[in-house]
Amino acid sequence: MSDLWLSLPDAPAIPGLTFRTFRGPEDFPGMVVVYDACRPVDGYEWPTTAEDLARTFAHLEHCDPYHDMIFAEIAGETIGYGRGSWYRQPDGAFLHDLTGHVTPAWRRRGIGRTILRWTEERQRQVASAQPESGPHLFQLSTQDTEQGMAELLLSEGYTIVRRWYRMTRPLAGEIPDAALPDGLEVRPVTPDQYRQIWDADLDAFRDAWGFAEPPAEAYAEWLEDPVIMTPALWQIAWDGDQVAGQVRNFINHQENAEQGRLRGYTEFITVRKPWRR
């Protein structure tokens with residue numbers, strides 16, 4: 001087989017099933033098709049496009065998609081994919097983030113397990129080339145609506161280490177006013193303040209669970225995101241020329257149109273698995 005195609009002896013015996021690596025931006029439309037098929041089943045509200053993927057992949061760090069991605073195909077059609085990357089926490093631990101999706105019509109046949117195990121093994125190879133010492137952990141984040149993914153991860157040795165909650169409140173009715181402390185003021189945001197606002201956000205969360213310094217590319221990706229970069233909606237409190245606090249509001253209009261804004265909250269779960277070489 002060429003370097004593009006992967007020979008996986010333990011893959012399920014499904015007629016027409018093949019695995020390969022990343023071909024380039026031409027894979028983005030197929031990834032969107034898989035993700036869109038997963039959305040109604042897995043409860044994903046956030047939409048994505050090929051353009052969104054292109055922007056994300058232009059700023060990847062600690063991830064080479066040509067070596068760190070796997071695609072599953074049936075008769076030439078993409079029906080699943082997985083990707084791995086890594087970052088290091090201040091305590092020295094290496095966290096290897098994994099992500100992936102399988103079209104619901106092809107689940108419960110071992111394809112997702114094959115993708116997961118290949119991605120884990122690829123990250124072991126990445127780690128073997130790193131000169132620094134430290135503990136290594138696999139990590140994934142998943143929603144409580146992704147029951148199939150949760151069952152797969154638990155069966156593969158992952159354990160839940162943290163739960164997150166998305167909270168909402170209705171806009172109907174009067175929203176109580178909350179005055180700023182004396183000496184603080186909210187001012188319109190200007191582009192020359194973006195970096196200071198970004199840095200202030202990082203400083204506020206340095207002692208939070210799981211914090212790690214973001215890669216240099218993260219700031220550039222943030223600036224280019226057309227959904228979250230809505231500074232006209234931000235509320236930034238200033239103490240003189242210092243950022244004292246911030247709430248960065250944004251509206252995902254495509255999501256609103258799809259959901260009709262009848263949204264509850266979604267629980268997010270982060271799972272980890274002990275590293276085994």
Side-chain angles (χ1 to χ4, degrees), residues 4-8 10-60 63-85 96-123 138-153 155-156 158 221 225 227 252 254-255 257-259 266 268-271:
L4 179 67
W5 299 99
L6 300 170
S7 178
L8 305 177
D10 296 332
I14 299 174
L17 175 64
T18 56
F19 293 90
R20 61 169 175 83
T21 55
F22 183 62
R23 294 178 301 193
E26 65 187 279
D27 276 326
F28 294 157
M31 293 170 65
V32 172
V33 170
V34 171
Y35 180 78
D36 282 346
C38 295
R39 289 182 64 198
V41 175
D42 296 325
Y44 304 148
E45 295 180 341
W46 192 278
T48 194
T49 65
E51 291 74 20
D52 294 331
L53 291 174
R55 184 175 58 254
T56 296
F57 275 57
H59 298 291
L60 292 178
C63 175
D64 178 356
Y66 291 94
H67 295 92
D68 299 333
M69 287 197 76
I70 181 174
F71 286 78
E73 292 186 347
I74 295 289
E77 178 184 351
T78 300
I79 53 95
Y81 60 90
R83 179 168 65 88
S85 61
H96 295 257
D97 265 327
L98 310 181
T99 184
H101 304 282
V102 174
T103 300
W106 288 99
R107 294 180 182 175
R108 305 286 182 174
R109 307 186 190 202
I111 297 173
R113 194 178 302 274
T114 300
I115 289 174
L116 176 64
R117 290 179 176 178
W118 182 92
T119 311
E120 287 181 345
E121 182 56 34
R122 171 56 192 156
Q123 287 302 299
F138 296 117
Q139 176 173 275
L140 293 94
S141 294
T142 182
Q143 298 180 177
D144 62 350
T145 50
E146 297 176 88
Q147 292 301 314
M149 175 68 82
E151 292 173 13
L152 169 62
L153 296 175
S155 72
E156 287 290 310
Y158 288 81
E221 183 180 0
D225 193 309
V227 176
N252 190 321
Q254 180 180 344
E255 179 186 325
E258 292 178 354
Q259 302 295 326
T266 302
F268 285 82
I269 303 172
T270 297
V271 296

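Start at 1 with the first residue, then count along the sequence. Values in this document were obtained by computation on a predicted structure and should not be read as measured data.
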Checklist entry - salt bridge (Lys or Arg N to Asp or Glu O under 4.0 Å) between R83 and D64: does it pass, once the steps are laid out? => result CA-CA 9 Å; R83 179 168 65 88; D64 178 356; over 6 Å; no

Checklist entry - Is there a side chain to side chain contact (heavy atoms under 4.5 Å, CB included) between L6 and T21 once you walk through the steps? => result CA-CA 7 Å; L6 300 170; T21 55; 3.9 Å; yes

Checklist entry - Would H101 and Y44 satisfy side chain to side chain contact (heavy atoms under 4.5 Å, CB included), going step by step from the backbone distance to the final call? => result CA-CA 12 Å; H101 304 282; Y44 304 148; 3.3 Å; yes

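Put simply, OG1 on T145 and CG on D42 are 6.0 Å apart, with the number rounded to the nearest 0.5 Å. Expressed to the nearest 0.5 Å, how far CD1 of I14 lies from CZ of R109 amounts to 6.0 Å. Of the inter-residue distances, the one linking T103 atom OG1 with I74 atom CD1 reads 9.5 Å to the nearest 0.5 angstrom. Distance check: D27 CG to L53 CG gives 10.0 Å after rounding to the nearest 0.5 Å. To the nearest 0.5 angstrom, M31 atom CE is 9.0 Å from T78 atom OG1. Here the OG1-CZ distance, from T119 to F138, works out to 9.5 Å after rounding to the nearest 0.5 Å.
Side chains of R113 and P12 form no contact here, defined as non-hydrogen atoms less than 4.5 Å apart. Annotation: side chain of Q123 is not in contact with side chain of S85 (no heavy-atom distance under 4.5 Å). Between E73 and L17, the closest side-chain pair of non-hydrogen atoms is not below 4.5 Å. Residues L140 and D97 have side chains not in contact (no heavy-atom distance under 4.5 Å, counting atoms from C-beta outward). The shortest side-chain heavy-atom distance between P47 and D52 does not fall under the 4.5 Å cut-off. Contact of the L8 side chain with the I70 side chain is registered, since non-hydrogen atoms from C-beta on lie closer than 4.5 Å.
Looking at M149, E156, E121 one by one, the single match for side-chain contact (heavy atoms from CB on, under 4.5 Å) with L116 turns out to be E156.
Remark: aromatic rings of Y35 and Y81 are distant, center separation not under 6.0 Å. F71 has its ring centre no less than 6.0 Å from the ring centre of F19.
Considering all non-hydrogen atoms of both residues, V32 and T49 come closest at CG2-C, 3.6 Å. Contact detail for P40 and A37: the closest heavy-atom pair is CD-O, 3.6 Å. When every heavy atom of Y66 is checked against every heavy atom of P25, the shortest pair comes out as OH-CD, 4.1 Å. When all heavy atoms of F57 and P65 are compared, the pair lying nearest together is CE2-CB, 3.8 Å. For the pair W118 and M69, the tightest heavy-atom approach, listed with the atom from each and the gap, is CH2-O, 3.4 Å. A72 and I111 make their closest contact through CB-CG2, 3.8 Å (heavy atoms, listed as atom of the first residue, atom of the second, distance).
Looking at Q139 and Y158, their side chains never bring a donor and an acceptor atom within 3.5 Å of each other. H59 and E221 form no side-chain donor-acceptor contact under 3.5 Å, judged by distance and modelled atom types alone.
A salt bridge links E26 with R23: the distance from a Lys NZ or Arg NE/NH1/NH2 to an Asp or Glu carboxylate oxygen falls below 4.0 Å. The pair R107-E151 does not count as a salt bridge, with every side-chain nitrogen at least 4.0 angstrom from each carboxylate oxygen.
Put simply, the side chain of E146 gets close to the backbone of Q143: a donor and an acceptor are under 3.5 Å apart.
By the 6.0 Å contact criterion, CD on Q254 is enclosed, its count of non-hydrogen atoms from other residues, nucleotides or ligands being greater than 12.
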